[in-house]
Amino acid sequence: MASAYRPQKPVVVIGAGLSGALMATVLGQRGFSVILLEKRPDLRTTDISAGRSINLALSNRGIRALDKIGITDAVLQTTIPVYGRMVHDDRGNTDLQLYSGRKNLCNYSVKRGDLNALLLDAAEGTGRVDILFQATCTHVDLQRAVVYYTKDGQERQIEAEVVIGADGAGSALRRSMLQHSSTLRFNYMQKFIDHGYKELRIPPSGDGSHRIYANALHIWPKGEYMLIALPNADGSFTVTLFLPMEGGEVSFATLQTPEAVRRFFEREFADVVMHIEDLEGDFFRNPTGTMSTIKCYPWKTYGRTLLIGDAAHAVVPFYGQGMNAAFEDVRILDDMMGEDFDGDWRKLFTEFERLRKPDADAIADMAEENYYEMRKYVKDTTFIIKRKLELALEQTFDDFHSKYSLVTYCDEVPYRVAQRLGHCQDDYLMEFSSNLRLETVEHIDLATLLKQIRKACGTPKGTCMSSVKRE
Ligand SMILES: Cc1cc2nc3c(=O)[nH]c(=O)nc-3n(C[C@H](O)[C@H](O)[C@H](O)COP(=O)(O)OP(=O)(O)OC[C@H]3O[C@@H](n4cnc5c(N)ncnc54)[C@H](O)[C@@H]3O)c2cc1C
């Protein structure tokens, strides 16, 4: 990392959330002086919820980025491994659908606050990152790379070498770009989905253990809505209800009273409602979150500013990839800077957005599609047969990876490639499975099936080397 280039001015990173704190650490380790602006107080010393969702699924792309700054072990110690989806049907039966046919491949459920705190420690640990809390960026002079912000009720400014906007879906840097959209030919699209979400909690049982199976993402799919529960290391679960905001028979608009909420949960989620400690309290105390996809382009201006993470490409949470993609942005930027970065930010930012934009679009589209899969398909027989075939293929052949694995575990495979191969494999296997019964799956000649998939999809061999090594 020993390049001779030393900028005169600091690099300013806006947002000390997940990607901003990682970005600042990587730049600090390179020897750059970095100012990290964060509008919230320091979450390590103030009791605030860290952000939108309490816990998140961390997987290979994110872990590979954390490897860069050497905090993977510390992070994983705070997590719970999650090996698959535990699907609960209407009669209270459960079915564990593994994420992968390969042993030890899993996602890690991590608390946003714990992870963010470790990243802030890492940033400060470089000795080069100055974090300003309760400092809200208001706008950025894009051409001069001047960042305007308010702190302690005063307006202030910093002249930066370059500005990196890691300030999430409501990005102030992106707002400044929008104000000059015609000069910059800046395209911007934000698409809200009809559903919102509400977080609830299952506390640990008396002896501190989990009240339901710990190593799975629990799903209660109901077609138009669903409930999920993701474990925390302290024995609790964070439960999330995804429901239409309005319209239809049940929506957030119709659940207006504690009695209506209780009735709805007892009718639809009878096998879990008794574990949710303070259903009515949580429901009316916790905010109803909205979810949207943000697509915009370009991500850079004048070689002086760059958007990363949700600021550039927010996605709906149904593939568990928003944070992983944001971390991957940082990993790729750092890889591109290489050993001897010479300060040509314009070239770096241009190449980064060119390479990365198609991948961001691909994961955004796959995340939207996965919502239908999670709330509808997971209890569809054809889908269950298809998943069983995928797992059998993964168990038998080193070079077969389902779409889910390509996205989640194959960090060498760009999202756009995972999308193309994954869709083709999905289409082929869904069609194939529609003619089968569950009992006949084990009699399928897998070698022939794989050959047919190859013929249909042209799946190249050896696309997932790094996750194979991880096992
Ligand atoms: C319900 C839900 C579940 C999710 N589950 C997963 C999951 O399982 N796996 C996964 O990979 N992803 C998941 N995500 C997505 C993930 O939360 C985001 O993709 C991730 O947080 C993006 O990181 P970021 O650093 O870009 O933005 P953020 O984490 O939002 O950080 C932005 C930071 O910038 C600060 N900020 C904002 N504006 C300003 C300003 N003007 N000035 C200064 N600071 C500012 C904010 O306070 C914040 O600290 C989920 C999202 C939701 C909503």
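Only a predicted model underlies this, so the values are computations on that prediction, with no experimental measurement involved. For ligands, and for the atoms within them, numbers begin at 1 and follow the listed sequence. Below, each value reflects all heavy atoms present in this structure, side chains not excepted, and no hydrogens, waters or symmetry copies.
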K.L.:
Does H275 have any ring pair (Phe, Tyr, Trp, His ring centres under 6.0 Å) partners at least two apart in sequence or in another chain, and if so, which?
P.N.:
none
K.L.:
Can a non-hydrogen atom of A325 be found less than 4.0 Å from any atom of ligand 1?
P.N.:
no
K.L.:
Quick one: does E38 get an N or O within less than 3.5 Å of an N or O on ligand 1?
P.N.:
yes
K.L.:
Under a 4.0 angstrom heavy-atom cut-off, which atoms of ligand 1 come close to T136?
P.N.:
41 (N), 42 (N)
K.L.:
What atoms of ligand 1 come within less than 4.0 Å of a heavy atom belonging to A135?
P.N.:
42 (N), 43 (C)
K.L.:
Can you give me the closest heavy-atom contact between T290 and M245, atom names plus distance?
P.N.:
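So the two residues come closest at CG2-CE, 4.1 Å.
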K.L.:
Within the 4.0 Å heavy-atom shell around A172, which atoms of ligand 1 are there?
P.N.:
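Going through ligand 1 atom by atom, the ones under 4.0 Å from A172 are 41 (N).
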K.L.:
Using heavy-atom distances, let me know which of A326, C137, A312, G168 sits nearest atom 40 (C) of ligand 1.
P.N.:
C137
K.L.:
Keeping the roles fixed (side chain from R304, backbone from A145), state whether a donor-acceptor pair exists under 3.5 Å.
P.N.:
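A pair under 3.5 Å: no.
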K.L.:
Any N/O of N324 closer than 3.5 Å to an N/O of ligand 1?
P.N.:
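Yes, there is a polar N/O contact under 3.5 Å.
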K.L.:
Relative to the heavy atoms of R40, which atoms of ligand 1 are at a distance of less than 4.0 Å?
P.N.:
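Numbered from 1, ligand 1 contributes 47 (O).
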K.L.:
Quick one: are the ring centres of Y99 and Y404 less than 6.0 Å apart?
P.N.:
yes
K.L.:
Does a side-chain heavy-atom distance below 4.5 Å link E390 with H401?
P.N.:
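SC-SC contact between E390 and H401 ruled out.
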K.L.:
Which residues pass the side chain to side chain contact (heavy atoms under 4.5 Å, CB included) test with D114, not counting sequence neighbours?
P.N.:
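Side chain to side chain contact (heavy atoms under 4.5 Å, CB included) check on D114 returns T78, K111.
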K.L.:
Return the option from L22, D167, N107 holding the heavy atom at the smallest distance from atom 36 (N) of ligand 1.
P.N.:
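Result: the heavy atom closest to atom 36 (N) of ligand 1 is in D167.
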K.L.:
I'd like to know whether the aromatic ring centres of H195 and Y371 sit less than 6.0 Å apart in this structure.
P.N.:
yes
K.L.:
For a side chain to side chain contact (heavy atoms under 4.5 Å, CB included) check, start with the C-alpha distance between E369 and H423, then their side-chain angles and the critical distance, and finish with the verdict.
P.N.:
CA-CA 11 Å; E369 290 157 20; H423 274 165; 2.8 Å; yes
K.L.:
Does E199 have a heavy atom less than 4.0 Å from any atom of ligand 1?
P.N.:
no
K.L.:
Checking contacts here: is it the side chain or the backbone of Y197 that comes within 4.0 Å of ligand 1, counting heavy atoms only? Could be both or neither.
P.N.:
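The answer is the side chain.
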K.L.:
At less than 4.0 angstrom from any non-hydrogen atom of G17, what atoms of ligand 1 do you find?
P.N.:
31 (O), 33 (C), 49 (O)
K.L.:
Can you figure out which of Q134, M323, R61 has its heavy atom closest to atom 10 (C) of ligand 1?
P.N.:
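Shortest heavy-atom distance from atom 10 (C) of ligand 1: M323.
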K.L.:
Using a 4.0 Å cut-off to any heavy atom of A57, which atoms of ligand 1 qualify?
P.N.:
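Under 4.0 Å from A57, ligand 1 has these atoms: 7 (C), 8 (O), 9 (N), 10 (C), 11 (O).
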K.L.:
Please confirm whether the ring centroid of F264 lies under 6.0 Å from the ring centroid of Y225.
P.N.:
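Centroid distance F264-Y225: below 6.0 Å, so yes.
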K.L.:
Could you tell me if S236 and N232 have a donor-acceptor pair between their side chains, going purely by distance under 3.5 Å?
P.N.:
yes
K.L.:
I'd like to check which ligand 1 atoms, numbered from 1 as shown, lie under 4.0 Å from a non-hydrogen atom of G309.
P.N.:
26 (O)
K.L.:
Taking only heavy atoms of L37 into account, list the atoms of ligand 1 that are under 4.0 Å away from them.
P.N.:
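Once the distances to L37 are compared, the set is 43 (C), 44 (N).
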K.L.:
Return the option from A169, A166, G170 holding the heavy atom at the smallest distance from atom 32 (C) of ligand 1.
P.N.:
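Minimum heavy-atom distance to atom 32 (C) of ligand 1 goes to A166.
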K.L.:
What about the rings of Y188 and Y297, do their centers lie closer together than 6.0 Å?
P.N.:
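Ring centroids of Y188 and Y297 are no less than 6.0 Å from each other.
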K.L.:
Just let me know how Q321 lines up against ligand 1, side chain, backbone, both or neither, with a heavy-atom cut-off below 4.0 Å.
P.N.:
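Backbone only.
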